[in-house]
Amino acid sequence: MELSKNYIPASAEDKWYQYWMDKQYFRSVPDERPPFTIVIPPPNVTGVLHMGHTLNETVQDILVRHARMSGFNACWVPGSDHASIATESKVVNMLKEEKGIEKSQLTRPEFLKYAYEWKEKYGGIIYHQIKKLGCSVDWDRVSFTMDDHYYQAVIRVFVDLYNKGLIYRGARMINWDPKAKTALSDEEVEYKEINGKLYHVKYAVVNAAGEATGEFITIATQRPETIMGDTAICVNPDDERYAHLKGHYAVVPLVNRKVPVIFDEYVDKEFGTGALKVTPAHDINDYNLGLKHNLEVVDTLNDDGTLSAAAIVFVGEDRFRARKKVIAALAEEGLLVKEQEYTTRLGYSQRNPDTVVEPRISTQWFVKMADMAQPALDAVVNGEVKIHPGDRFLATYKYWMENVKDWCISRQLWWGQQIPAWYDDAGQFVVAETHDDALKLYAEKFGKTATTLRQDEDCLDTWFSSWLWPMEVFNGISQPDNADINYYYPTSVLVTGQDIIFFWVARMIMAGLEYKHEKPFSDVYFTGMVRDKLGRKMSKQLGNSPDLLELIERFGADAVRFGIMISSPAGNDLLFDDTSCEQGRNFNNKMWNALKLVKMWKPGQNTGAPVPEFAVEWMENRLNEVHAEVEKLFKDFRLSEALKAIYSLIWDDFCSWYLEWIKPGFEQPIDAGVYEKTIGFFERLLQLLHPFMPFVSEELYHLLRERQPGDDLVIRQFVAPAATHQPILVEGALAKEVITSIRDARNKNQVKPKDTIALHIETRHQNAFQRIESILAKQLNARELTYTKEAIPGAVSLVVGKDKFYMVTDTEVDPAAQKESLLKDLVYQQGFLKSVDAKLANEKFVQNAKPEAVEAERRKKADCEARIQAIEESLKLL
RNA sequence: GGGAGCUUAGCUCAGCUGGUUCAGAGCAUCUGCCUUACAAGCAGAGGGUCGACGGUUCGAAUCCGCCAGCUCCCA
C-alpha cells in the first residue's frame, strides 16, 4: 500500500468516530465489570465550546478511554444545561433583533417554544464539537436539565425540601439584576473595582419639635440618587462631634423628609464624615441597621432600575441618570459640600456583565444551607471526596461551607422549572408537585376549597437543577433505586473548572448526600483556566479565543488535544498557543513516518545479519518502565506528565534510538523475530497513547497489520507491565551516552557523517560493551571497533564515565579543540571531587547521614578519581 | 481588609517524602547535515548563583520565618 508523505488527520478522524459509534463502543449498560462513570459538566446551551471546555472534555475523554481499556465498564454521560438567565436573555435579544418581538407580548408557552428552538440549535452545535474532538460519550444517554423526567425531579426535590423545612419563602435583601429583572444568588454577582466618587452632602438639622437649629450634618455617599430613600442618619455613639444631636432629626434634601439621627457602633468614625445616611431598601448594611432601629423602608427603585414613585423626584429616570440630576439639584440648593475621588467595588451580574446589580428587598424563595453544608464539608475534609489538586482548593471549599449563606433560588424568568407553589387570591399558598395535589393540600391545610389557585410565576435557578446532575442523568430522583443509578452511582470523577466550586461542586455534594446518602463522586479534578499566550483570559470581547473547529481543521483533533494537554498540570492556568498544536501535529507525522519505515521492511528468516537482541530487550524494558510510570501518573491525575512520558518514549526511545538500532541495511531483510517484536512494541505504544490521541493511534493500529473484526485499539485491554530488568536499562543508558559523546566529538572535529572512524575502547569492563558493540558501530559509522589496553597515538581521545575512547579518523584533527574540552571537563571534575572530599572529611556528615548517603559519596569519589585519571592520561598524549 | 497560590534557562513550565537518576523538559537560539521513514526532519551545542534576606540541618530549589512582585478567591 502506498502511504502518503504526511499523516492526514481529517479523513481518519471522521472515519474512526463513525466506526466506533457503529460498533457501539461508547455505549454502556450495567454488567459484571466495575463501573467507571463520568457525568459531563453540562456546557450550557448559550453558545459554542471554548478552549476551557476543550480542556475539560479532553481530560474527561482521557480518563474514560483509559478506564475503558483497563477493565472498567466506562460510562460517560453527555448533556447540557438550560442556563436559565443566560439563555433567556439571549432568546429575548434574538426575538427583539430578528423578529421584532418583545417578551412582554408573548405568553409563557409561546416564549418557551422559542427557547426550545434555540436550545435545539445551539445544543446541536455543542454536540457536534464534542464529536469532532473525539469524545467517547454514550450518545444514548444524552441528558438535558429540562427533560421531562429531569423537570419532575427538580420539582419533587423542591417540594421535598420545602416539606422538610429546608426551603422557605420570605422578604430578604437580595441581588437584583435590573436588566434581566430577576433576583440572583450571591454567587452570580461579580465584583469589580472601579473609580467612583464620594459625595459630601449636608442635611439640615431640626429639633424634636421640627424647628431648624441652623446647623447642618454632612454625610458622605457614593449613591446620591438613593437619598430619597433615606430614613435615618446614623453616627457612632462615641463620636463627640455628633453627641449633642441626640433626639434631633435631619431633613432629607429634595424630598424634605424628617428622619431621626440614630446612634450605632456600626458607623466608622474615620470614614467620610463619620455620619452615615441610612437607606434600608438599597443597602444590605443599612437594611440591618433598619431592622435594629425599626426604621421605615422606602424603596425608591423600580425593577428595571428606574426611580419609583416613592422617590418623589426624578420618577421614571434611570438610576445613573438620576444620580447626575440629584447631584445637580443638590449643588443648586447649596447642599453639595464636595466631591471626592474614591475607589470602590461594584457588583455586576455574571450573565449581564455590563449591568450593576442592585441590592434590593424582595420576597423570594431560599434554601437553608447550614444543615446541608455540614455533611458536605465533612465528606471533603475526611477525604471521602478527594479534590485535585487538594491543597489548593480545600481551604476555599472549607471557608465557603463554614460561612455559607442561604441560597436564593427563585428567578423572575420563564426559562426553567416553574416553582410549584400555588396561591389563592389572598396570597396564602401551598407547595405541591401538581395543581391537583395543591388543591387537595389546600383543602387540608386551610379547611376550605380553593376556587382558583395560581402557580408561582417564577422559575428556579439553573443550579437548583444541575446540583442533581450526577443522580438524575440516571433517573436517580425520578425513579429511585433503578438499575442504572444503583450501578453507576456514585460516579468516579468530576472534571470541571475551579470557578464553579461553589455553584456546582459543593451543592452537588450536598444534594448527593441528601438524596442518596452517598457522595456523588470520589474525585474532583479541577482544570485551570485557559488563557492566551499573553496570559489574558480568553473572552469574546478580546477575540483571543480560537475557534475549536477551525483549530481541528488546521491541526487535527489529536493535535489539538495534544496541544492543550501537554502544558496543563491540574489546577494550573495554561497559556494556550497554536504552537503546541503544531507540536502535536508534528508528533502525528513522526509516528506516521515510523509506520512507513516499518511497513517498508521485509521480514525474513536467517537473514545473516546479526540479530539486535540487545535493542529488543532494551525497548521491551523501557516500555514496561514507562507503562508503569504512566499508570502511576494516572492514579495521581497527572495527565500532562503522563503524556510527556509517552511522547518522549515514542519519539526518543522508539524512533530515535530503537528503530535506528534495528534498522536493516538498505533493501536488506529484517529478522522475522525482531520484526514481530517491533510491531508488538508499536502496538503497545499506540495503546498507551490512545487515551490522549485516539484517532491517529487507532488509524496506525489498523495500518500496522491486518486486524480481526473487533480487534480495535479503542477497546484493547491493557496488560499489566512486566517488572523491569534494571541492568539492561543501565546498559542502554551507557550506549546512548557513548554514542552521544562520540557524535559530539565527530562534530567538533568536523568529521562528516559519511566518513567512517575506527573506535578503540579502553575499559576494565569489557563485558559491559560487548552486547552493544554492533549498536555502537552502526550508530557511530565505525568501520572497526576494538578494545585496547593503551592509548592510540594520533587518535582523538575522550572520556565517557570511567572509560577511555580513541577515535581514529581519516581527516586531520585539531588537538587544541580536544585539549580544550578535556581541560574543561577536568576542571569540573576536580571541583566536584573537592566538594565530595569536603563532605567525607566532615565528621558530622559521616556520623549523621544515612549510611547509604555516605556510601554514595564514597562511590562518587572513586568514580570521579578514576575519571580524572583517565582525563589526565589522555591529556598527556596531546 | 481576610485567605490561598505562584516566582527555576529568552518563553511556558516539571522537579513527590531535603544528598550528581538534582538543576530538568518542550518551544526558541546556535553549529553541522536534503544520511532512501520523517527538513513539520536528523545529529550535536550553548544557556539558570532555582525572587530577596534570615533560620533549621553535616547538607536546602526542596523544610521554617520574613519581605517584595504577580494571580485568584472571599468580604
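Each chain gets a letter, A, B and so on, in the order its sequence line appears, and its residues count up from 1.
Using a 4.0 Å heavy-atom cutoff across all strands shown, A:Ser656 reaches sugar-phosphate atoms only and no base atom. Backbone-only engagement by A:Gln583 is indicated by non-hydrogen atom pairs under 4.0 Å involving sugar-phosphate atoms exclusively. A:Arg746 comes within 4.0 angstrom of nothing in the nucleic acid, heavy atoms only. Nucleic acid contact class of A:Asn589 (heavy atoms, under 4.0 Å, all strands): base. No engagement by A:Asp636 is indicated, since no non-hydrogen atom pair under 4.0 Å with the nucleic acid exists. No engagement by A:Ser648 is indicated, since no non-hydrogen atom pair under 4.0 Å with the nucleic acid exists. A:Lys5 comes within contact range of the sugar-phosphate backbone alone, with a heavy-atom separation under 4.0 Å but no base atom that close. A:Gln829 comes within 4.0 angstrom of no nucleic acid atom, judged by non-hydrogen atoms across all strands.
When the C1' atom of B:C42 is taken as reference, atom CG of A:Asn747 falls 11 Å away, rounded to whole Å. One can place CG of A:Asn588 at 15 Å from P of B:A40, the figure rounded to the nearest angstrom. The CD atom of A:Glu402 sits 14 Å away from the P atom of B:G3 (whole-angstrom rounding). A:Ile757 places its CD1 atom 14 Å from the C1' atom of B:A43, with the value rounded to the nearest Å. A straight line from CG of A:Asp578 to P of B:C27 spans 16 Å, rounded to a whole angstrom. If you take OH of A:Tyr191 and C1' of B:G2, they are 16 Å apart, rounded to a whole angstrom. One can place CD of A:Glu629 at 15 Å from P of B:C16, the figure rounded to the nearest angstrom. Protein atom CG of A:Leu633 is 11 Å distant from nucleotide atom C1' of B:C16, rounded to whole Å.
Checking B:U21 for Watson-Crick or G-U wobble geometry (two distances, each under 3.5 Å) identifies no partner in any strand. The nucleotide B:U57 finds no pairing partner, because no Watson-Crick or G-U wobble arrangement with both distances shorter than 3.5 Å includes it. Nucleotide B:C11 is matched to B:G26 when pairs are restricted to Watson-Crick or G-U wobble geometry with both distances under 3.5 angstrom. The base-pairing partner of B:A4, taking Watson-Crick or G-U wobble contacts with both distances under 3.5 Å, is B:U71. B:U31 and B:A43 make up a base pair, with Watson-Crick or G-U wobble contacts both under 3.5 Å.
In this model, the phosphate group of B:G32 is not approached by any side-chain N or O of A:Lys752 to a distance below 4.0 Å at OP1 or OP2. Remark: A:Lys590 is in phosphate contact with B:C42, judged by side-chain N or O atoms under 4.0 Å from OP1 or OP2. Under 4.0 angstrom from either OP1 or OP2 of B:G19 there lies no side-chain N or O belonging to A:Arg859. Proximity of A:Trp651 to the phosphate of B:C42: a side-chain N or O atom is located under 4.0 Å from OP1 or OP2. Neither OP1 nor OP2 of B:C13 sits under 4.0 Å from any side-chain N or O of A:Ser640.
Residue pairs meeting the salt bridge (Lys or Arg N to Asp or Glu O under 4.0 Å) criterion with at least one partner in residues 746-755 of chain A, sequence neighbours excluded, are A:Asp744-A:Lys748.
Comparing the P positions of B:C74 and B:C16 gives a spacing of 30 Å, expressed to the nearest Å. Atom name C1', nucleotides B:C66 and B:C73: the rounded distance is 24 Å, in whole Å. For the P atoms, the distance from B:G48 to B:C42 is 26 Å, rounded to whole Å. The same atom, P, is picked in B:U8 and in B:G15; the two are 14 Å apart, to the nearest Å. Spacing between B:G32 and B:A68 at atom C1', rounded to whole Å, works out to 46 Å. Separation of the P atoms belonging to B:C50 and B:U62 is 9 Å when rounded to the nearest angstrom. Rounded to whole Å, the separation between the C1' atoms of B:U71 and B:C13 comes to 16 Å. Nucleotides B:G26 and B:A40, compared at atom C1', are 16 Å apart to the nearest Å.
Considering only the side chain of A:Asn593, B:A37 comes nearest among B:A37, B:U12, B:C74. Counting only heavy atoms from C-beta on, A:Glu641 has its side chain closest to B:A14 among B:A37, B:A14, B:C58. For A:Ala853, whose side chain is taken as the heavy atoms from C-beta onward, the closest listed nucleotide among B:A40, B:C38, B:G19 is B:G19. Closest to the A:Arg345 side chain, of the nucleotides B:A37, B:C74, B:A40, is B:C74. Closest to the A:Ala594 side chain, of the nucleotides B:C74, B:C58, B:A37, is B:A37. Closest to the side chain of A:Leu575, out of B:C58, B:A45, B:U12, is B:U12. Ranking B:A37, B:A40, B:G44 by closeness to the A:Arg743 side chain, first place goes to B:G44. When distances are taken from the side chain of A:Glu660 to each of B:A43, B:A37, B:C58, the shortest belongs to B:A37. Considering only side-chain atoms of A:Asn586, the nucleotide from B:C33, B:A40, B:A37 that sits closest is B:A40. Between B:G44, B:U71, B:G15, one nucleotide has an atom nearer to the side chain of A:Trp657 than all others, and that is B:G44.
A donor-acceptor contact under 3.5 Å is formed by the side chain of A:Arg585 with the base of B:A40.
Using modelled atom types, no side-chain atom of A:Arg743 and backbone atom of A:Ile739 make a donor-acceptor pair closer than 3.5 Å. Distance alone, capped at 3.5 Å, places no donor-acceptor pair between the A:Trp657 side chain and the A:Trp651 backbone. A donor-acceptor pair under 3.5 Å links the side-chain atoms of A:Asp283 to the main chain of A:Asn285, judged by distance alone.
Heavy atoms only, all atoms of each residue included: A:Arg172 and A:Tyr287 are closest at CA-OH, 4.5 Å. Residues A:Ala559 and A:Cys581 come closest through the heavy atom pair CB-O, 3.5 Å. Closest non-hydrogen pair, A:Ile566 versus A:Ser580, comes out as CG2-CB, 4.2 Å. For A:Arg561 against A:Phe692, the heavy-atom pair with the smallest separation is NE-O, 2.9 Å.
A salt bridge between A:Lys860 and A:Glu865 is absent, with no side-chain N of the basic residue lying under 4.0 Å from a carboxylate O of the acidic one.
Remark on RNA chain B: of its neighbouring residues A:Lys839 and A:Arg638, the 5'-side contact belongs to A:Arg638, judged by nearest-heavy-atom nucleotide. Between A:Lys844 and A:Lys632, the one whose closest nucleotide on RNA chain B sits nearer the 5' end is A:Lys632.
Of the residues A:Phe681, A:Tyr658, A:Trp661, the one that meets the ring-ring contact (aromatic ring centres under 6.0 Å, His included) test with A:Trp618 is A:Trp661.
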